[in-house]
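Treat the numbers as computed from the prediction; the structure is a model and nothing was measured. Every chain is numbered from 1 and lettered A, B, ... according to where its sequence line falls, protein lines coming before strand lines.
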Amino acid sequence: MAKEQKTFRPKARLPKGLRDVTASMVRAETRMLGLIRDVYERYGFDPLETSTIEYADALGKFLPDEDRPNEGVFSFQDDDEQWLSLRYDLTAPLARYVAEHYDGLPKPFRRYQVGTVWRNEKPGPGRFRQFTQFDADTVAAPTVAADAEMCMMGADVLEALSIPRGQYRIRVNNRKVLDGLLEEIGLGSDATDRTHMTVLRSIDKFDKLGRRGVELLLGAGRKDESGDFTKGAGLAPEQIARVLDYVESGLTAASSDRAAVLEGWRKVVGASAIGREGIDELAAMDALFTSAGYGPDRIEFNSWIVRGLGYYTGPVFEAELLFDTRDEDGNTVRFGSVGSGGRYDGLIERFKGVKVPATGFSVGVSRLLAALQLLQKVDAAAEPDAPVVVLTLDAANMAGYQAMVTELRQAGIRAEMYLGGSGMRAQMKYADKRGAPVAVIEGEDERATGSLTLKDLVLGAEVSATIEDNAEWRQSQAAQISVPRAKLVEGVREILARHRR
RNA sequence: GCAGGCAUAGCUCAGCUGGUUAGAGCGCUAGAUUGUGGAUCUAGAGGUCCCCCGUUCGAACCGGGGUGCCUGUACCA
């Protein structure tokens with residue numbers, strides 16, 4: 001009763017939040033990574049490649065509001081039942097590496113690393129579960145000179161990618177200033193306190209929600225446009241006023257004068273020792289920026305840069321694109337942050353028990369690439385020419401076609417022979433779809449006379465626009481020439497030269 | 001995670017108050033036009049109407065649950 005067994009057919013689909021990257025984007029990314037690498041190398045950083053998989057406990061959990069432990073990380077068990085995780089950033093593995101090889105490393109230790117990282121969380125526009133980061137970190141460098149260097153390097157990276165000065169900004173703040181503010185409004189110094197965190201997160205949203213939105217979040221809370229309600233920090237009106245004071249003291253002068261921003265902050269948080277320390281550190285950074293010629297059109301001090309609450313302990317910074325652009329659907333897209341970093345003096349302490357100060361900067365590669373693409377800064381010259389296609393019209397003569405392709409390749413010309421099974425018309429369509437500049441044709445007629453027909457497909461496309469009649473289109477062979485078989489390379493070169501960019 | 005919306009061919013979508021064989025345009029494949037990409041003409045392939053359960057004589061359409069996508073929000077190491 002052999003009933004027909006249904007063969008199992010898996011559905012061809014990609015898991016959510018992941019994507020396939022096609023030729024032009026792969027090439028553009030490769031090129032972009034090269035430019036970033038050049039900048040990092042110039043600053044004296046050395047490459048390091050750590051593994052993509054680490055023991056879960058080495059990556060650590062440091063989210064203070066851990067409602068869902070282990071969320072966010074892809075994990076699985078090894079043969080010996082130990083938990084392994086895909087890395088979710090490049091900093092935690094660096095901390096592990098430094099702790100493991102501490103005694104042998106030069107200190108300060110400076111390394112850069114580019115790599116794929118994974119986060120198991122809800123994807124969104126421009127937010128994937130697998131993406132690429134490009135980091136530089138300096139470990140065992142206690143002074144803010146290391147932080148200042150990160151900021152300047154961030155600016156250099158963006159300019160190396162042809163983002164004009166003025167269209168981006170490196171925005172810098174200091175966690176110590178924020179701690180001083182919280183102290184000043186009487187919230188104490190418990191960094192894991194819920195109100196504490198809510199206040200910081202509210203400040204972080206100033207850019208997005210504006211003064212009114214932040215005010216609501218600091219107080220009772222805020223309703224979003226779908227009607228969902230976000231609970232606020234529940235501060236008293238005087239406290240709210242003080243926080244907004246701080247935020248706006250950074251706003252008025254931000255683009256013009258770094259020293260003026262620090263003066264403004266000093267008035268609000270200067271009474272706190274930790275706040276003063278933070279401001280003094282930024283003043284030291286300002287001196288370095290200024291002497292190196294990095295003005296406020298590149299690096300600014302900014303009140304609402306907060307960053308994540310997990311591990312930053314000092315200066316924090318974000319590289320932000322300032323322009324709006326439009327996506328394929330014509331919607332306005334604000335790019336915002338394409339890189340970020342800061343000082344994390346506590347990360348390596350997890351392993352070593354001793355404090356090892358460190359600071360780093362991380363470029364969000366995929367995001368930045370998407371921005372460049374919409375800016376049309378993705379360089380078309382990085383694309384290789386499409387291959388010359390040698391048509392295979394006679395199955396008995398494959399050896400002859402192979403010889404032609406090889407000749408072209410040996411002459412440095414990108415070329416391929418048609419490897420499908422269809423007729424001439426389909427082969428021409430294929431060449432067209434590939435964007436081939438030249439089709440090499442050798443059929444019976446050509447072979448009889450020892451010649452080849454070379455068709456200039458670029459010129460042909462231009463000609464076809466003016467022709468409507470089929471007979472005319474076929475007979476007008478303006479776009480093709482006949483050359484002796486021996487002149488294959490020469491003839492192809494000549495046509496390529498016509499269209500050289 | 002929370003809130004709202006959406007789900008029909010590769011793509012963009014139509015499909016009446018539930019009614020027989022679910023459609024269009026574009027794209028794709030092949031043929032015609034003496035061995036040639038465009039144009040024109042002809043033919044063809046391609047769908048578990050997101051999935052499961054239910055209501056009904058009957059479900060693409062109604063109800064419940066699930067999944068996926070979009071928007072906002074939260075989080076962002």
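Ring planes of A/W304 and A/F206: tilted class, angle from 30 to 60°.
Within 3.5 Å, a donor on the side chain of A/R127 pairs with an acceptor on the base of B/C75, or the reverse. Between the side chain of A/E462 and the base of B/G38, no donor-acceptor pair of N or O atoms lies under 3.5 Å. At a cut-off of 3.5 angstrom, the base of B/U36 holds no donor-acceptor pair with the side chain of A/Q427. Between the side chain of A/K122 and the base of B/G72, at least one donor-acceptor pair of N or O atoms lies under 3.5 Å.
Look at A/T453 and you won't find any side-chain N or O under 4.0 angstrom from OP1 or OP2 of B/U36. Not one side-chain nitrogen or oxygen of A/R119 sits closer than 4.0 Å to the OP1 or OP2 atom of B/C76.
The same atom, C1', is picked in B/G10 and in B/G47; the two are 12 Å apart, to the nearest Å. Across B/A14 and B/A7, the matching P atoms stand 9 Å from one another, rounded to whole Å. Of the P atoms belonging to B/C11 and B/U48, the separation is 12 Å, rounded to the nearest Å. Taking the C1' atom of each, B/A77 and B/G72 are spaced 24 Å apart, rounded to whole Å. Spacing of C1' atoms, B/A22 relative to B/A30, comes out at 26 Å, to the nearest Å. To the nearest whole angstrom, the two P atoms, one in B/A45 and one in B/U36, are 26 Å apart. Rounded to whole Å, the P atom of B/A74 lies 46 Å from the corresponding atom of B/U56. For the C1' atoms, the distance from B/G58 to B/C69 is 31 Å, rounded to whole Å.
Closest-nucleotide positions on RNA chain B for A/K208 and A/E442 were compared, and the one nearer the 5' end corresponds to A/E442.
Remark: A/R19 is positioned above the aromatic ring of A/F128, its terminal NZ or CZ atom under 6.0 angstrom from the ring centre and at most 45 degrees off the axis. A/Y312 does not carry A/R175 over the face of its six-membered ring by the limits of under 6.0 Å from the centre and within 45° of the normal.
Across all strands shown, nothing is found opposite B/G27 as a Watson-Crick or G-U wobble partner with both distances under 3.5 Å.
What separates CG of A/D89 from C1' of B/C76 is a distance of 11 Å, to the nearest Å. A/K205 places its NZ atom 8 Å from the P atom of B/C76, with the value rounded to the nearest Å.
The aromatic ring centroids of A/Y344 and A/Y311 lie less than 6.0 Å from each other. Aromatic ring centroids of A/Y40 and A/F134 lie under 6.0 Å apart.
Closest to the A/K16 side chain, of the nucleotides B/A77, B/G37, B/C69, is B/C69.
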